[in-house]
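Chain identifiers are assigned alphabetically (A, B, ...) following the order of the sequence lines, protein sequences preceding nucleic acid strands; residue numbering begins at 1 within each chain.
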Amino acid sequence: MEMDTSPSSSVPSSASSDSIDLNFLPFLKREPKSEPASPERWPLPPPPPPPPAQAATAASTPMPATPELSAAAVMTPLQSLPPNPDEDALFAEYYRLASLYLSSAGTGVIVPSPTPEVAASAVVQPGSGNAAKKRRPRSSELVRVSSLSVRDQIYFRDLVRRARITFESLRGMLLRDDERAEALGLAGVAGFAAVDRRRVRADLRAAALMGDRDLWLNRDRRIVGPIPGISVGDAFFFRMELCVLGLHGQVQAGIDFVSAGQSSSGEPIATSIIVSGGYEDDDDRGDILVYTGHGGRDPNLHKHCVDQKLEGGNLALERSMAYGIEIRVIRAVKTRRSPIGKVYFYDGLYKVVDFWLDRGKSGFGVYKYKMLRIEGQEAMGSLNFRLAEQLKVNALTFRPTGYLSFDISMGRETMPVVLYNDVDDDRDPLLFEYLARPIFPSSAVQGKFGEGGGGCECTDNCSIGCYCAARNGSEFAYDKAGALLRGKPLVYECGPYCRCPPSCPNRVSQKGLMNRLEVFRSRETGWGVRSFDLIKAGTFICEFSGIVLTHQQSEIMSVNGDCLVRPSRFPPRWLDWGDVSDVYPEYVAPNNPAVADLKFSIDVSRARNVACYFSHSCSPNVFVQFVLFDHYNVSYPHLMIFAMENIPPLRELSIDYGMIDEWMGKLTM
DNA sequence: GCCGTTTCAAAGCC
DNA sequence: CGGCTTTGAAACGG
C-alpha cells in the first residue's frame, strides 16, 4: 500500500473519501481527539477502497450503509418464550422451600430448570442430522442474541457444558489410547493406525470427531456479541475448543471476522479477537486495550518484516469500528495449571473506538486498534485471575477488611480455607468444628478395611493390570495429571493396604485440598465457596465431610429436624462427566463397580467442612463422585467433589443438591 | 470448488 | 523450564 508521508491529522476523517458517506459513519466523523498526536504516529493511509458490492449498493440505493448494515449485522434478536405465570409461581415456591431447607445449612439460590418446551424453542441449536463427512463451512448469517430468559440461559449453559465435556472427554480418551498404544510397544509398528494418529494432537482430533457429527456450536449462525451459554470470565485451555463453541472461529489467527464475501455489505466484519501477548506492539490495560493488527510478520521468526496491510482481519476491525459492532475479547494468561501453560479467558465485549497506522517497535508499519470495554459486564476473567493471585500472597493489601479467619480448618486441611464476609456481620461458620474428614460409624467400617482382598502389591506407581486397576473395571479413574477421566458409580483408589507409595496417581482425592478455597458471604446466595486457584474441569476439589450416620440414626435425627445431607439425593451428575454418547451413540456410562443403595446420611449440624457451604444450582459447576480408599464398605463411600467445568478464580462453586425434582413432584401433585 | 496462503497452536524435543 | 522445531486445521480468497 502506498503511504501518504505528508504530515496530517491523526484522525481517520482527514483522509476523506468521496465514496464514503460520513453522515452514516459516526466514528469517522468525530472531532479530532483532545490528546496531541504522538510524533511516533504515522499519517494515516487513505481509507480502504470501497468493495465493489458496497459501491454498487450505494450507487443503486439512496439508503446508506449503516441502517442496512445494522439490519444485516444486528439482525434478528432471539426471542425468549414469554414467561408462564404458572411456572413462575411454581419457581417462586421452589425458592421459598429451598430457603427453608437450606437455612440451617447456610446455602443458596435455586435456579429454575429449563423445560423441554424452552429447549425446543431455543434458536441457536447445535447442528443436527446425519454425520456429514465433509464439515460444513461456517455460514455468514449474523445474529445478536439479546435478553435471554433465565431458563434459556440455563439451557444454553447446559448445551455448552455438554459440548465442552464431550470435547474434553474425547481428548482424554484419545490421549489414553495413545499411551496404551505406546505401552504396548506399538509405536514404530508400521501400519498401526493408533501410531499414525499418535503424532496428531488430541485436541484437533477431538474437534474433528465432533465436526464430523455436526456437534460444533454456532456454525449455522455467526454471533455478534455474547455467545449464549458462555459467561464473561469463563476459562478455556485450547484454541480448538473456542472454535468448537463458536466463541472464536480461527484456529490460529487472532482476529475472527465474517469475510467480505459472506457479509451482506460486502465488507468484512470482525467479531472476536484473542490477545495472546504475542505481538510486541500491544498495549493491554484491561478496560483499555490497544490491539495490533495481524500480518506483516515472518511466519517463523514472529518478527515484523514488512508493513501491515489494511486487509482481512485488519480491515474487518476497522469496519466493526465504523459500524459500532462489539468485539468479543479473549485473553491468554500464563499459568502452570494448564496442560499447555496458558489459559484463555473470555473477558467480555469491547468496542473499537480508534485505529491508526503506527510504526511498531520493529520499525515496520502496524495497525493499531484502541478498544474500550463495554461497561456493566461481569468482571474480566483475566482480571479475577490476577486479583486472586495477589490475594493469595498479599491478602490485606487488596482487601483490608472482611476477613473472619485466614484458615477455618485450623491447619486440618492441606490448604488454608479463608472465611470472608464484607457484606454483613454474620460469623456463623466460626461456630462449627472443622472436620476435614468424615467420621464413619464404627459399625460401618469395622472389619471392612481389608474387604475385597486388601490392596495391590505394586511397589512403584500402579499401572494397568494391577489389582486396583482391575477393581475399577480394568481402567484407572484418573489421568496422569490427576483429573477424573469419567464419572463412575464408584472409584476405588489405592489405600493403606496397597504397597504403592503415596505418590501413586490412583490416590487423588485422599490427598486433600489442592486449591486455595474461600468461604464468603454474598447477598445473593448467603454463604458460598470460591477458589483463588483456577480449577481445571475433572479435578478434585474437596470431600463432603461431617458425622456419618447409619440409616437408623438418620431416621431418628431427621425426626428431630437436624440438618442432614443425604448422599442418595445428589442426582448422578457423574454420568455426565466423560459422556461421549453424542459422538459414539453406543457409549454406555460405566456401571461397574456396582454401588449399593446409599441409606446413610451426613450430619453437618455440629462438625462440617468447606463443602457444606457450596450453593445449590441445577446448572452446577461441580459434582459428587463416590470413592472408596480407606475402608471398602460399598454402602459408605466418601462423597468426593469434582469440577464439572473449568472454574475460574473467584467464581462461586455450585452443586446440585437434588431437591428440585422432589419438590417438582410435590408441587405438581 | 480447489488450492495456496495465512495464521497471536500445541506438543515434543533439547 | 524456555525456546526452537515440527506438524498441524481451518478459513479466506483468488
- Query: Out of R337(A), R516(A), R336(A), which one pairs with D533(A) under the salt bridge (charged side-chain N to carboxylate O under 4.0 Å, His left out) rule?
  - Reply: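 Exactly one pass, corresponding to R337(A).
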Could you tell me whether the phosphate oxygens of [N], OP1 or OP2, come under 4.0 Å of any side-chain nitrogen or oxygen in [X]?
| X | N | value |
| --- | --- | --- |
| K342(A) | dA9(B) | yes |
| R205(A) | dT7(C) | no |
| R219(A) | dA11(C) | yes |
| Y344(A) | dA10(B) | yes |

What's the [atom1]-[atom2] distance between [X] and [N], to the nearest Å?
| X | N | atom1 | atom2 | value |
| --- | --- | --- | --- | --- |
| R201(A) | dG12(B) | CZ | P | 10 Å |
| Q308(A) | dT7(B) | CD | P | 9 Å |
| R222(A) | dA10(C) | CZ | P | 15 Å |
| N218(A) | dA11(C) | CG | P | 13 Å |
| I255(A) | dA11(C) | CD1 | P | 17 Å |
| I330(A) | dT7(B) | CD1 | C1' | 15 Å |
| K309(A) | dT7(B) | NZ | P | 10 Å |
| E267(A) | dC12(C) | CD | C1' | 17 Å |

- Query: How would DNA chain B look in dot-bracket form, 5' to 3', counting Watson-Crick and G-U wobble pairs with both distances under 3.5 Å and writing | for bases paired to another strand?
  - Reply: .||||||.||||||
Which part of the nucleic acid, if any, lies within reach of [X] when heavy atoms closer than 4.0 Å are counted: base, sugar-phosphate only, or nothing?
| X | value |
| --- | --- |
| D256(A) | nothing |
| G341(A) | nothing |
| R331(A) | nothing |
| G313(A) | nothing |

- Query: For residues E318(A) and Y367(A), is any side-chain donor paired with an opposing acceptor at under 3.5 Å?
  - Reply: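 Note: E318(A) and Y367(A) side chains miss the donor-acceptor criterion.
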- Item | Heavy-atom check, side chain of R239(A) versus side chain of V251(A), under 4.5 Å |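 Not touching, per the 4.5 Å side-chain cut-off.
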With the side chain of [X] defined as its heavy atoms from C-beta on, choose the nearest nucleotide among [options].
| X | options | result |
| --- | --- | --- |
| A253(A) | dT7(B), dA11(B), dA9(B) | dT7(B) |
| M240(A) | dA10(B), dA9(C), dC12(C) | dA9(C) |
| F238(A) | dT7(B), dA10(B), dG13(C) | dA10(B) |
| L204(A) | dA11(B), dA9(C), dT7(B) | dA9(C) |

- Task: For E375(A), look at atom CD and say whether over 12 heavy atoms of other residues, nucleotides or ligands are found less than 6.0 Å away.
- Result: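 No, because the 6.0 Å sphere around CD of E375(A) holds 12 heavy atoms or fewer from other groups.
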- Message: Exactly one of Y344(A), F345(A), F532(A) should register a ring-ring contact (aromatic ring centres under 6.0 Å, His included) with F385(A). Which one does?
- Response: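 In the set Y344(A), F345(A), F532(A), the residue that makes a ring-ring contact (aromatic ring centres under 6.0 Å, His included) with F385(A) is F345(A).
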Taking the side chain from [X] and the backbone from [Y], do they hold a donor-acceptor pair closer than 3.5 Å?
| X | Y | result |
| --- | --- | --- |
| D203(A) | R171(A) | no |
| K351(A) | G324(A) | yes |
| D579(A) | S581(A) | yes |

- Query: Mapping L175(A) and G293(A) onto DNA chain B by nearest heavy atom, which one lands closer to the 5' end?
  - Reply: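 Nearest-nucleotide comparison on DNA chain B picks G293(A).
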- Message: Can you work out whether Y291(A) or I340(A) has the more 5'-proximal nearest nucleotide on DNA chain B?
- Response: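 Nearest nucleotide further toward 5': that of Y291(A).
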- Map S259(A) and R336(A) onto DNA chain C by nearest heavy atom, then report which one ends up closer to the 5' terminus.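 That would be R336(A).
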